[in-house]
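All remarks here apply to the structure that follows.
In the text below, chain A, chain B and the rest are named by the order of the sequence lines, each starting its count at 1.
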Number of protein chains: 2
Amino acid sequence: MSLARSARPIPPARHRLSRLAPLDNAAIAALNEAIGRPQLFRPRRDLMVEGRDIAGPHLILSGWAARVRILLDGRRQFLNFLLPGDIVGLYHHQRPVAPTSIITLTEVTTCVPPDLGALPALDEAYAISHALDEAYLLAQIARLGRMNAMERIGDLMLELHERLELSELTHGRSFDLPITQETLADALGLTAVHVNRMLQAARRGGDLIWSSRSMTIPDPQALARKVGRASIRVTAG
Amino acid sequence: MSLARSARPIPPARHRLSRLAPLDNAAIAALNEAIGRPQLFRPRRDLMVEGRDIAGPHLILSGWAARVRILLDGRRQFLNFLLPGDIVGLYHHQRPVAPTSIITLTEVTTCVPPDLGALPALDEAYAISHALDEAYLLAQIARLGRMNAMERIGDLMLELHERLELSELTHGRSFDLPITQETLADALGLTAVHVNRMLQAARRGGDLIWSSRSMTIPDPQALARKVGRASIRVTAG
DNA sequence: CGTAACTTTGACAATCATCAAGGCAAGTGG
DNA sequence: CCACTTGCCTTGATGATTGTCAAAGTTACG
(Lines give C-alpha, C1' and ligand atoms only; values in the text may rest on other atoms or scores of the structure.)
Protein backbone atom coordinates (compact mmCIF):
# COMPACT_ATOMS: atom_id res chain seq x y z
CA MET A 1 0.00 0.00 0.00
CA SER A 2 0.75 3.64 0.28
CA LEU A 3 3.69 3.69 2.64
CA ALA A 4 5.31 0.66 1.10
CA ARG A 5 5.32 2.32 -2.28
CA SER A 6 6.80 5.56 -1.08
CA ALA A 7 9.44 3.58 0.81
CA ARG A 8 10.90 1.95 -2.27
CA PRO A 9 14.13 3.80 -3.12
CA ILE A 10 14.80 5.04 -6.62
CA PRO A 11 17.24 2.92 -8.65
CA PRO A 12 20.41 4.98 -9.21
CA ALA A 13 20.35 4.82 -12.99
CA ARG A 14 16.87 6.30 -13.03
CA HIS A 15 17.58 8.70 -10.20
CA ARG A 16 16.29 12.22 -10.43
CA LEU A 17 19.82 13.57 -10.34
CA SER A 18 20.57 11.80 -13.62
CA ARG A 19 17.58 13.58 -15.14
CA LEU A 20 18.89 16.97 -14.20
CA ALA A 21 22.31 16.59 -15.79
CA PRO A 22 23.91 13.78 -17.76
CA LEU A 23 25.95 11.70 -15.30
CA ASP A 24 29.08 9.93 -16.44
CA ASN A 25 30.04 6.47 -15.22
CA ALA A 26 32.14 7.78 -12.36
CA ALA A 27 29.23 9.86 -11.09
CA ILE A 28 26.78 6.99 -11.37
CA ALA A 29 29.19 4.70 -9.55
CA ALA A 30 29.65 7.23 -6.73
CA LEU A 31 25.91 7.74 -6.47
CA ASN A 32 25.36 4.01 -6.49
CA GLU A 33 27.83 3.52 -3.70
CA ALA A 34 26.17 6.26 -1.65
CA ILE A 35 22.74 4.73 -2.15
CA GLY A 36 24.18 1.44 -0.95
CA ARG A 37 24.57 2.92 2.53
CA PRO A 38 21.06 4.11 3.34
CA GLN A 39 19.95 5.59 6.63
CA LEU A 40 16.44 4.89 7.88
CA PHE A 41 14.28 7.37 9.81
CA ARG A 42 10.90 6.75 11.38
CA PRO A 43 8.10 9.29 10.90
CA ARG A 44 8.28 12.51 12.96
CA ARG A 45 12.02 12.41 13.45
CA ASP A 46 14.30 15.41 13.01
CA LEU A 47 16.76 15.19 10.14
CA MET A 48 18.15 18.55 11.14
CA VAL A 49 17.54 21.15 13.83
CA GLU A 50 17.32 24.87 13.19
CA GLY A 51 20.36 26.74 14.45
CA ARG A 52 22.55 23.68 14.90
CA ASP A 53 25.62 22.91 12.85
CA ILE A 54 24.74 20.71 9.93
CA ALA A 55 26.01 17.24 10.79
CA GLY A 56 25.89 16.08 7.19
CA PRO A 57 23.86 16.53 4.03
CA HIS A 58 21.07 14.15 3.08
CA LEU A 59 19.97 12.83 -0.26
CA ILE A 60 16.37 11.66 0.15
CA LEU A 61 15.93 8.18 -1.27
CA SER A 62 12.35 7.45 -0.25
CA GLY A 63 9.55 8.94 1.80
CA TRP A 64 8.48 12.50 2.53
CA ALA A 65 10.03 15.10 4.81
CA ALA A 66 9.55 18.83 5.23
CA ARG A 67 11.39 21.90 6.31
CA VAL A 68 9.47 23.50 9.11
CA ARG A 69 9.41 26.71 11.09
CA ILE A 70 7.55 26.95 14.37
CA LEU A 71 6.52 30.29 15.86
CA LEU A 72 6.74 30.96 19.56
CA ASP A 73 3.04 30.36 20.17
CA GLY A 74 3.14 27.05 18.34
CA ARG A 75 1.91 28.06 14.91
CA ARG A 76 3.65 25.86 12.38
CA GLN A 77 4.61 26.51 8.79
CA PHE A 78 6.04 23.94 6.44
CA LEU A 79 8.41 25.77 4.14
CA ASN A 80 8.65 23.07 1.51
CA PHE A 81 8.28 19.35 1.08
CA LEU A 82 11.30 17.13 0.55
CA LEU A 83 10.69 14.28 -1.86
CA PRO A 84 12.83 11.43 -3.15
CA GLY A 85 15.76 12.85 -5.10
CA ASP A 86 15.90 16.05 -3.08
CA ILE A 87 19.10 17.10 -1.38
CA VAL A 88 19.37 19.10 1.82
CA GLY A 89 22.22 20.47 3.85
CA LEU A 90 24.71 20.74 1.02
CA TYR A 91 26.42 24.10 1.31
CA HIS A 92 29.52 25.59 -0.25
CA HIS A 93 30.72 27.45 2.81
CA GLN A 94 32.50 26.58 6.04
CA ARG A 95 30.62 25.52 9.15
CA PRO A 96 27.08 25.87 7.82
CA VAL A 97 24.22 26.16 10.28
CA ALA A 98 20.78 24.72 9.53
CA PRO A 99 18.44 27.57 8.58
CA THR A 100 15.42 25.44 9.54
CA SER A 101 14.57 22.16 11.13
CA ILE A 102 13.68 19.25 8.90
CA ILE A 103 11.21 16.65 10.04
CA THR A 104 10.23 13.35 8.46
CA LEU A 105 6.55 13.02 7.59
CA THR A 106 6.68 9.34 6.68
CA GLU A 107 9.30 6.68 7.02
CA VAL A 108 12.29 8.10 5.17
CA THR A 109 15.51 6.67 3.86
CA THR A 110 18.39 8.95 2.99
CA CYS A 111 22.04 8.58 2.16
CA VAL A 112 25.03 10.88 2.21
CA PRO A 113 25.44 12.36 -1.26
CA PRO A 114 28.92 12.17 -2.83
CA ASP A 115 31.06 15.15 -1.86
CA LEU A 116 30.82 18.48 -3.60
CA GLY A 117 33.77 19.18 -5.86
CA ALA A 118 34.75 15.58 -6.44
CA LEU A 119 32.89 14.90 -9.68
CA PRO A 120 32.06 17.64 -12.18
CA ALA A 121 29.01 15.85 -13.57
CA LEU A 122 27.53 15.49 -10.11
CA ASP A 123 28.37 19.07 -9.23
CA GLU A 124 26.38 20.19 -12.22
CA ALA A 125 23.46 18.05 -11.11
CA TYR A 126 23.72 19.48 -7.59
CA ALA A 127 23.71 23.02 -8.94
CA ILE A 128 20.62 22.40 -11.04
CA SER A 129 18.92 20.64 -8.17
CA HIS A 130 19.67 23.61 -5.97
CA ALA A 131 18.32 26.06 -8.52
CA LEU A 132 15.14 24.00 -8.71
CA ASP A 133 14.80 24.11 -4.94
CA GLU A 134 15.06 27.86 -5.05
CA ALA A 135 12.46 28.09 -7.80
CA TYR A 136 10.04 26.03 -5.73
CA LEU A 137 10.62 28.24 -2.71
CA LEU A 138 9.77 31.26 -4.82
CA ALA A 139 6.64 29.50 -6.03
CA GLN A 140 5.67 28.84 -2.43
CA ILE A 141 6.01 32.54 -1.63
CA ALA A 142 3.74 33.57 -4.48
CA ARG A 143 1.26 30.88 -3.45
CA LEU A 144 1.04 32.05 0.15
CA GLY A 145 1.15 35.72 -0.67
CA ARG A 146 -1.30 36.07 -3.50
CA MET A 147 -3.44 32.97 -3.98
CA ASN A 148 -6.67 32.08 -2.23
CA ALA A 149 -7.19 28.75 -0.54
CA MET A 150 -8.50 26.94 -3.60
CA GLU A 151 -5.73 28.16 -5.85
CA ARG A 152 -3.09 27.30 -3.28
CA ILE A 153 -4.25 23.72 -3.09
CA GLY A 154 -4.50 23.29 -6.85
CA ASP A 155 -1.14 24.89 -7.43
CA LEU A 156 0.60 22.79 -4.79
CA MET A 157 -0.91 19.58 -6.11
CA LEU A 158 0.29 20.40 -9.60
CA GLU A 159 3.73 21.12 -8.22
CA LEU A 160 3.88 17.85 -6.31
CA HIS A 161 2.74 15.95 -9.37
CA GLU A 162 5.40 17.65 -11.46
CA ARG A 163 8.14 16.92 -8.95
CA LEU A 164 7.14 13.32 -8.34
CA GLU A 165 6.95 12.70 -12.07
CA LEU A 166 10.67 13.46 -12.33
CA SER A 167 11.32 10.44 -10.12
CA GLU A 168 8.67 8.24 -11.74
CA LEU A 169 6.64 8.27 -8.55
CA THR A 170 3.33 9.15 -10.19
CA HIS A 171 0.74 6.81 -11.61
CA GLY A 172 -0.63 8.70 -14.54
CA ARG A 173 -2.74 11.47 -13.09
CA SER A 174 -2.50 10.16 -9.54
CA PHE A 175 0.16 10.15 -6.91
CA ASP A 176 0.62 9.04 -3.37
CA LEU A 177 0.01 11.84 -0.87
CA PRO A 178 1.08 10.23 2.40
CA ILE A 179 0.25 13.18 4.65
CA THR A 180 -2.70 14.35 6.70
CA GLN A 181 -4.88 17.33 5.92
CA GLU A 182 -3.35 19.07 8.92
CA THR A 183 0.10 18.72 7.38
CA LEU A 184 -1.24 20.04 4.12
CA ALA A 185 -2.74 22.97 5.99
CA ASP A 186 0.60 23.79 7.58
CA ALA A 187 2.20 23.81 4.13
CA LEU A 188 -0.54 26.02 2.67
CA GLY A 189 -0.81 28.54 5.46
CA LEU A 190 -4.39 27.46 6.19
CA THR A 191 -6.25 25.53 8.87
CA ALA A 192 -7.01 21.85 8.55
CA VAL A 193 -10.74 22.59 8.65
CA HIS A 194 -10.54 24.93 5.72
CA VAL A 195 -8.34 22.58 3.72
CA ASN A 196 -10.94 19.90 4.27
CA ARG A 197 -13.74 22.08 2.95
CA MET A 198 -11.74 23.19 -0.05
CA LEU A 199 -10.75 19.62 -0.94
CA GLN A 200 -14.42 18.70 -0.91
CA ALA A 201 -15.23 21.67 -3.11
CA ALA A 202 -12.42 20.68 -5.46
CA ARG A 203 -13.83 17.18 -5.75
CA ARG A 204 -17.31 18.58 -6.47
CA GLY A 205 -15.77 20.80 -9.12
CA GLY A 206 -13.95 17.86 -10.65
CA ASP A 207 -10.56 19.44 -10.07
CA LEU A 208 -9.03 17.13 -7.48
CA ILE A 209 -9.94 13.74 -6.10
CA TRP A 210 -8.40 12.80 -2.78
CA SER A 211 -9.04 9.46 -1.20
CA SER A 212 -7.12 7.13 1.04
CA ARG A 213 -3.84 9.02 0.78
CA SER A 214 -3.92 9.17 -2.99
CA MET A 215 -4.47 12.33 -5.01
CA THR A 216 -5.80 12.39 -8.55
CA ILE A 217 -5.82 15.39 -10.84
CA PRO A 218 -8.39 14.50 -13.51
CA ASP A 219 -7.26 17.24 -15.90
CA PRO A 220 -3.88 18.74 -14.98
CA GLN A 221 -3.80 21.19 -17.89
CA ALA A 222 -7.24 22.54 -17.12
CA LEU A 223 -6.32 22.92 -13.47
CA ALA A 224 -3.05 24.65 -14.38
CA ARG A 225 -4.99 27.08 -16.51
CA LYS A 226 -7.50 27.64 -13.75
CA VAL A 227 -4.89 28.52 -11.12
CA GLY A 228 -2.59 30.27 -13.61
CA ARG A 229 0.37 27.99 -13.24
CA ALA A 230 3.37 27.40 -15.50
CA SER A 231 5.76 24.51 -14.94
CA ILE A 232 9.18 25.31 -13.64
CA ARG A 233 12.48 25.34 -15.54
CA VAL A 234 15.91 26.49 -14.47
CA THR A 235 18.09 25.74 -17.49
CA ALA A 236 17.85 26.73 -21.13
CA GLY A 237 17.82 24.17 -23.95
CA MET B 1 17.48 63.41 0.85
CA SER B 2 16.17 59.93 0.69
CA LEU B 3 17.09 58.87 -2.82
CA ALA B 4 20.44 60.54 -2.72
CA ARG B 5 21.38 58.59 0.36
CA SER B 6 20.33 55.27 -1.00
CA ALA B 7 22.23 56.04 -4.22
CA ARG B 8 25.62 56.32 -2.56
CA PRO B 9 27.51 53.07 -3.25
CA ILE B 10 29.20 51.18 -0.45
CA PRO B 11 32.98 51.59 -0.27
CA PRO B 12 34.60 48.25 -1.16
CA ALA B 13 36.57 47.87 2.03
CA ARG B 14 33.39 48.22 4.08
CA HIS B 15 31.32 46.20 1.66
CA ARG B 16 28.85 43.70 2.99
CA LEU B 17 30.73 40.88 1.28
CA SER B 18 33.75 41.62 3.43
CA ARG B 19 31.53 41.26 6.51
CA LEU B 20 30.42 37.81 5.51
CA ALA B 21 33.88 36.34 5.06
CA PRO B 22 37.38 37.75 5.51
CA LEU B 23 38.55 38.97 2.11
CA ASP B 24 42.24 38.90 1.19
CA ASN B 25 43.89 41.65 -0.80
CA ALA B 26 43.33 39.93 -4.12
CA ALA B 27 39.61 39.63 -3.42
CA ILE B 28 39.33 43.26 -2.33
CA ALA B 29 41.19 44.39 -5.43
CA ALA B 30 38.91 42.36 -7.70
CA LEU B 31 35.83 43.70 -5.94
CA ASN B 32 37.19 47.20 -6.16
CA GLU B 33 37.75 46.88 -9.86
CA ALA B 34 34.23 45.55 -10.37
CA ILE B 35 32.73 48.41 -8.40
CA GLY B 36 34.67 50.77 -10.60
CA ARG B 37 32.49 49.78 -13.54
CA PRO B 38 28.99 50.50 -12.26
CA GLN B 39 25.79 50.19 -14.26
CA LEU B 40 22.96 52.62 -13.61
CA PHE B 41 19.25 51.73 -13.80
CA ARG B 42 16.29 54.05 -13.47
CA PRO B 43 13.34 53.08 -11.27
CA ARG B 44 10.91 50.47 -12.63
CA ARG B 45 13.39 48.86 -15.01
CA ASP B 46 13.86 45.12 -15.39
CA LEU B 47 17.21 43.79 -14.26
CA MET B 48 16.13 40.32 -15.35
CA VAL B 49 13.10 38.71 -16.95
CA GLU B 50 11.55 35.46 -15.78
CA GLY B 51 12.21 32.60 -18.16
CA ARG B 52 14.99 34.30 -20.09
CA ASP B 53 18.62 33.25 -20.03
CA ILE B 54 20.50 35.19 -17.42
CA ALA B 55 22.59 37.74 -19.27
CA GLY B 56 24.89 38.32 -16.35
CA PRO B 57 24.86 38.42 -12.56
CA HIS B 58 24.45 41.67 -10.65
CA LEU B 59 25.98 42.88 -7.45
CA ILE B 60 23.74 45.64 -6.10
CA LEU B 61 25.77 48.70 -5.16
CA SER B 62 23.01 51.14 -4.29
CA GLY B 63 19.23 51.44 -4.38
CA TRP B 64 16.42 48.93 -3.95
CA ALA B 65 15.15 46.25 -6.31
CA ALA B 66 12.85 43.27 -5.90
CA ARG B 67 12.18 39.87 -7.31
CA VAL B 68 8.62 39.78 -8.49
CA ARG B 69 6.07 37.27 -9.68
CA ILE B 70 2.92 38.38 -11.47
CA LEU B 71 -0.13 36.15 -11.75
CA LEU B 72 -2.19 35.96 -14.91
CA ASP B 73 -4.87 38.29 -13.60
CA GLY B 74 -2.33 40.90 -12.55
CA ARG B 75 -1.95 40.11 -8.88
CA ARG B 76 1.63 40.86 -7.95
CA GLN B 77 3.87 39.36 -5.30
CA PHE B 78 7.31 40.60 -4.42
CA LEU B 79 9.35 37.58 -3.42
CA ASN B 80 12.13 39.47 -1.69
CA PHE B 81 13.83 42.82 -1.65
CA LEU B 82 17.31 43.28 -3.07
CA LEU B 83 19.45 45.72 -1.12
CA PRO B 84 22.98 47.04 -1.52
CA GLY B 85 25.43 44.17 -1.18
CA ASP B 86 22.98 41.57 -2.50
CA ILE B 87 23.94 39.39 -5.45
CA VAL B 88 21.54 37.97 -8.02
CA GLY B 89 21.92 35.72 -11.01
CA LEU B 90 25.04 33.94 -9.84
CA TYR B 91 24.56 30.23 -10.49
CA HIS B 92 26.90 27.28 -10.54
CA HIS B 93 25.33 25.51 -13.50
CA GLN B 94 25.35 25.89 -17.27
CA ARG B 95 22.89 28.13 -19.11
CA PRO B 96 20.87 29.29 -16.12
CA VAL B 97 17.40 30.71 -16.68
CA ALA B 98 15.99 33.48 -14.50
CA PRO B 99 13.46 31.96 -12.08
CA THR B 100 11.78 35.35 -11.64
CA SER B 101 11.89 38.85 -13.00
CA ILE B 102 13.74 41.48 -11.07
CA ILE B 103 12.59 45.08 -11.12
CA THR B 104 14.25 48.19 -9.74
CA LEU B 105 12.19 50.08 -7.17
CA THR B 106 14.46 53.11 -6.97
CA GLU B 107 17.42 54.25 -8.97
CA VAL B 108 19.86 51.36 -8.76
CA THR B 109 23.53 50.91 -9.49
CA THR B 110 24.98 47.46 -9.92
CA CYS B 111 28.21 45.94 -11.13
CA VAL B 112 29.26 42.56 -12.40
CA PRO B 113 30.65 40.60 -9.46
CA PRO B 114 34.05 38.92 -9.93
CA ASP B 115 33.70 35.44 -11.44
CA LEU B 116 32.87 32.41 -9.37
CA GLY B 117 35.82 30.10 -8.88
CA ALA B 118 38.50 32.71 -9.39
CA LEU B 119 39.14 33.73 -5.80
CA PRO B 120 38.56 31.38 -2.87
CA ALA B 121 37.91 34.17 -0.38
CA LEU B 122 35.22 35.66 -2.61
CA ASP B 123 33.71 32.25 -3.28
CA GLU B 124 33.29 31.78 0.43
CA ALA B 125 31.60 35.17 0.69
CA TYR B 126 29.32 34.30 -2.22
CA ALA B 127 28.37 31.01 -0.59
CA ILE B 128 27.52 32.72 2.69
CA SER B 129 25.63 35.44 0.88
CA HIS B 130 23.66 32.81 -0.95
CA ALA B 131 22.87 30.94 2.24
CA LEU B 132 21.62 34.19 3.76
CA ASP B 133 19.39 34.79 0.76
CA GLU B 134 17.90 31.37 1.23
CA ALA B 135 17.33 31.99 4.93
CA TYR B 136 15.47 35.21 4.15
CA LEU B 137 13.31 33.45 1.58
CA LEU B 138 12.38 30.91 4.23
CA ALA B 139 11.56 33.74 6.61
CA GLN B 140 9.31 35.26 3.97
CA ILE B 141 7.43 31.98 3.64
CA ALA B 142 6.79 31.74 7.36
CA ARG B 143 5.72 35.39 7.40
CA LEU B 144 3.17 34.98 4.62
CA GLY B 145 1.96 31.61 5.76
CA ARG B 146 1.49 32.04 9.46
CA MET B 147 1.63 35.66 10.54
CA ASN B 148 -1.18 38.19 10.59
CA ALA B 149 -0.86 41.60 8.97
CA MET B 150 0.60 43.35 11.99
CA GLU B 151 3.18 40.66 12.64
CA ARG B 152 4.18 40.56 8.99
CA ILE B 153 4.90 44.25 8.94
CA GLY B 154 6.87 44.21 12.18
CA ASP B 155 8.84 41.17 11.16
CA LEU B 156 9.71 42.57 7.75
CA MET B 157 10.79 45.90 9.19
CA LEU B 158 13.06 44.12 11.64
CA GLU B 159 14.51 42.09 8.80
CA LEU B 160 15.16 45.13 6.66
CA HIS B 161 16.80 46.90 9.57
CA GLU B 162 18.99 43.89 10.20
CA ARG B 163 20.02 43.61 6.56
CA LEU B 164 20.67 47.30 6.05
CA GLU B 165 22.72 47.40 9.22
CA LEU B 166 25.19 44.97 7.64
CA SER B 167 25.93 47.63 5.03
CA GLU B 168 25.87 50.54 7.45
CA LEU B 169 22.76 51.92 5.79
CA THR B 170 20.82 52.46 9.00
CA HIS B 171 20.78 55.53 11.23
CA GLY B 172 20.40 54.09 14.66
CA ARG B 173 16.85 52.85 14.92
CA SER B 174 15.82 54.38 11.61
CA PHE B 175 16.38 53.53 8.01
CA ASP B 176 15.41 54.79 4.61
CA LEU B 177 12.39 52.98 3.20
CA PRO B 178 12.21 54.35 -0.35
CA ILE B 179 9.08 52.46 -1.39
CA THR B 180 5.36 53.11 -1.44
CA GLN B 181 2.79 51.39 0.74
CA GLU B 182 1.56 49.60 -2.34
CA THR B 183 4.99 48.08 -2.87
CA LEU B 184 5.08 47.09 0.76
CA ALA B 185 1.68 45.49 0.36
CA ASP B 186 2.89 43.43 -2.58
CA ALA B 187 5.78 42.18 -0.49
CA LEU B 188 3.55 41.34 2.46
CA GLY B 189 0.73 39.65 0.58
CA LEU B 190 -1.73 42.35 1.67
CA THR B 191 -3.55 45.26 0.10
CA ALA B 192 -2.21 48.79 0.26
CA VAL B 193 -5.28 49.89 2.19
CA HIS B 194 -4.71 47.33 4.89
CA VAL B 195 -1.00 48.11 5.12
CA ASN B 196 -1.92 51.73 5.63
CA ARG B 197 -4.28 50.93 8.48
CA MET B 198 -1.78 48.62 10.14
CA LEU B 199 1.03 51.18 9.88
CA GLN B 200 -1.19 53.66 11.63
CA ALA B 201 -2.04 51.15 14.32
CA ALA B 202 1.67 50.38 14.72
CA ARG B 203 2.41 54.05 15.22
CA ARG B 204 -0.35 54.36 17.80
CA GLY B 205 1.08 51.33 19.56
CA GLY B 206 4.56 52.84 19.51
CA ASP B 207 5.98 49.95 17.48
CA LEU B 208 6.81 51.63 14.20
CA ILE B 209 7.02 55.21 13.04
CA TRP B 210 6.88 55.77 9.30
CA SER B 211 7.14 59.23 7.83
CA SER B 212 8.48 60.69 4.61
CA ARG B 213 10.07 57.48 3.41
CA SER B 214 11.87 56.84 6.67
CA MET B 215 11.05 54.05 9.09
CA THR B 216 11.88 54.13 12.79
CA ILE B 217 11.67 51.16 15.14
CA PRO B 218 11.61 52.76 18.60
CA ASP B 219 12.36 49.52 20.41
CA PRO B 220 13.63 46.75 18.12
CA GLN B 221 14.04 44.19 20.87
CA ALA B 222 10.52 44.71 22.18
CA LEU B 223 9.13 44.45 18.67
CA ALA B 224 11.14 41.30 17.99
CA ARG B 225 9.71 39.78 21.14
CA LYS B 226 6.23 40.83 20.17
CA VAL B 227 6.35 39.21 16.73
CA GLY B 228 8.46 36.27 17.90
CA ARG B 229 11.46 36.94 15.76
CA ALA B 230 15.06 35.76 16.05
CA SER B 231 17.84 37.23 13.93
CA ILE B 232 19.27 35.12 11.17
CA ARG B 233 22.60 33.29 11.11
CA VAL B 234 24.00 30.84 8.59
CA THR B 235 27.46 30.06 9.94
CA ALA B 236 28.69 28.82 13.28
CA GLY B 237 31.29 30.66 15.30
C1' DC C 1 -13.81 -4.45 20.38
C1' DG C 2 -11.78 -0.42 21.65
C1' DT C 3 -8.85 3.31 21.15
C1' DA C 4 -6.48 6.85 18.80
C1' DA C 5 -5.85 9.48 14.85
C1' DC C 6 -7.96 11.61 11.27
C1' DT C 7 -11.90 13.61 8.71
C1' DT C 8 -16.25 15.94 8.48
C1' DT C 9 -19.88 19.22 9.84
C1' DG C 10 -22.11 23.41 11.77
C1' DA C 11 -22.41 27.88 14.02
C1' DC C 12 -20.15 31.92 14.69
C1' DA C 13 -16.26 35.44 14.77
C1' DA C 14 -12.13 37.80 13.14
C1' DT C 15 -9.29 39.32 9.61
C1' DC C 16 -8.61 41.25 5.48
C1' DA C 17 -10.30 42.71 0.70
C1' DT C 18 -13.03 45.70 -2.10
C1' DC C 19 -14.96 49.87 -3.61
C1' DA C 20 -15.31 54.57 -3.62
C1' DA C 21 -14.16 59.05 -2.38
C1' DG C 22 -11.47 62.70 -0.39
C1' DG C 23 -6.98 64.91 1.09
C1' DC C 24 -2.30 66.27 0.60
C1' DA C 25 2.14 67.28 -1.43
C1' DA C 26 5.15 67.90 -5.31
C1' DG C 27 5.87 69.13 -9.80
C1' DT C 28 4.40 71.39 -14.35
C1' DG C 29 2.99 74.70 -17.43
C1' DG C 30 0.55 78.91 -18.24
C1' DC D 1 2.27 83.04 -8.71
C1' DC D 2 -1.53 80.21 -9.60
C1' DA D 3 -4.34 76.52 -11.60
C1' DC D 4 -3.78 71.71 -12.72
C1' DT D 5 -2.29 67.27 -12.79
C1' DT D 6 -0.40 63.20 -10.76
C1' DG D 7 0.90 60.00 -7.37
C1' DC D 8 0.38 58.66 -2.88
C1' DC D 9 -1.84 58.43 1.53
C1' DT D 10 -6.14 58.24 4.29
C1' DT D 11 -10.89 57.14 5.55
C1' DG D 12 -15.47 54.83 5.71
C1' DA D 13 -18.86 51.36 4.57
C1' DT D 14 -19.59 46.77 3.30
C1' DG D 15 -18.65 41.94 2.14
C1' DA D 16 -15.90 37.72 1.27
C1' DT D 17 -12.67 34.61 2.92
C1' DT D 18 -10.79 32.17 6.38
C1' DG D 19 -10.28 31.03 11.38
C1' DT D 20 -12.10 29.14 15.81
C1' DC D 21 -14.54 26.11 18.62
C1' DA D 22 -16.98 22.12 19.49
C1' DA D 23 -18.82 17.80 18.44
C1' DA D 24 -19.83 13.84 15.74
C1' DG D 25 -18.41 10.51 12.26
C1' DT D 26 -14.94 7.46 10.19
C1' DT D 27 -10.99 4.61 9.61
C1' DA D 28 -6.94 2.09 10.92
C1' DC D 29 -5.03 -0.83 13.99
C1' DG D 30 -3.75 -3.27 18.14
Open item on the list: Using side-chain heavy atoms (C-beta onward) and a distance below 4.5 Å, is A:Asn80 in contact with A:Gln140?
Closed with: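 Result no, sub-4.5 Å side-chain heavy-atom pair not found.
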Open item on the list: Using side-chain heavy atoms (C-beta onward) and a distance below 4.5 Å, is A:Leu83 in contact with A:Trp64?
Closed with: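 Yes. Closest side-chain heavy atoms under 4.5 Å.
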TODO: Fit a plane to each ring of A:Phe41 and A:His58, take the angle between them on a 0 to 90° scale, and name the class: parallel (under 30°), tilted (30 to 60°) or perpendicular (over 60°).
DONE: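 Rings of A:Phe41 and A:His58: perpendicular, as their planes differ by over 60°.
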- [ ] Using a cut-off of strictly less than 4.0 Å, decide whether B:Gln181 has a side-chain nitrogen or oxygen near OP1 or OP2 of D:dT10.
- [x]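 Yes, B:Gln181 has a side-chain N/O under 4.0 Å of OP1/OP2 on D:dT10.
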d([atom1], [X]; [atom2], [N]) in whole Å:
| X | N | atom1 | atom2 | answer |
| --- | --- | --- | --- | --- |
| A:Arg152 | D:dT17 | CZ | P | 13 Å |
| B:Glu151 | D:dG19 | CD | P | 14 Å |
| A:Arg146 | C:dA17 | CZ | C1' | 10 Å |
| A:Met147 | C:dA17 | CE | P | 16 Å |
| A:Arg204 | C:dT8 | CZ | P | 11 Å |
| B:Asn148 | D:dT20 | CG | C1' | 15 Å |
| A:Leu144 | D:dT18 | CG | P | 12 Å |
| A:Trp210 | C:dC6 | CH2 | P | 11 Å |

TODO: Mind jotting down which residue pairs meet the ring pair (Phe, Tyr, Trp, His ring centres under 6.0 Å) criterion with at least one end in residues 172-197 of chain B? Sequence neighbours excluded, please.
DONE: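 Of all non-adjacent pairs touching residues 172-197 of chain B, those that pass ring pair (Phe, Tyr, Trp, His ring centres under 6.0 Å) are B:His161-B:Phe175.
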Open item on the list: Looking at A:Glu182, I want to see if its CD is surrounded by more than 12 non-hydrogen atoms of other residues, nucleotides or ligands under 6.0 Å.
Closed with: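 12 or below, so no.
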- [ ] Under the side-chain contact (heavy atoms from CB on, under 4.5 Å) rule, what do B:Thr104 and B:Arg42 come out as? Steps first, then yes or no, please.
- [x] CA-CA 7 Å; B:Thr104 57; B:Arg42 317 247 30 226; over 6 Å; no
Open item on the list: Counting the atoms with a prime plus P, OP1 and OP2 as sugar-phosphate, which does A:Arg44 contact under 4.0 Å by heavy atoms, base, sugar-phosphate, or nothing?
Closed with: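 Since only primed, P, OP1 and OP2 atoms lie under 4.0 Å of A:Arg44, the category is sugar-phosphate.
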Task: Angle of first-five versus last-five pair axes in the helix from C:dC1-D:dG30 to C:dG30-D:dC1, to 10 degrees - done: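 Axis angle across the helix from C:dC1-D:dG30 to C:dG30-D:dC1, nearest 10°: 30°.
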Task: Test applied, side-chain hydrogen bond (donor to acceptor under 3.5 Å, both in side chains); reference residue, A:Ser62; option that passes from A:Thr110, A:Thr109, A:Thr106 - done: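 Running side-chain hydrogen bond (donor to acceptor under 3.5 Å, both in side chains) over A:Thr110, A:Thr109, A:Thr106 with A:Ser62 returns exactly one hit, A:Thr109.
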- [ ] Please list, by residue number, the residues of residues 188-200 of chain B whose heavy atoms come closer than 4.0 Å to an atom of DNA chain C; answer none if no residue qualifies.
- [x]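 Under 4.0 Å from DNA chain C: B:Gly189, B:Leu190, B:Thr191, B:Val193, B:His194, B:Arg197.
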Task: Nearest-0.5 Å distance, CG of residue B:Leu166 to CG of residue B:Leu17 - done: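 B:Leu166 CG to B:Leu17 CG: 10.5 Å, rounded to 0.5 Å.
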Task: Minimum heavy-atom distance between A:Ala139 and A:Glu159, given as atom pair plus value - done: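 That closest heavy-atom pairing would be CB-OE1, 4.1 Å.
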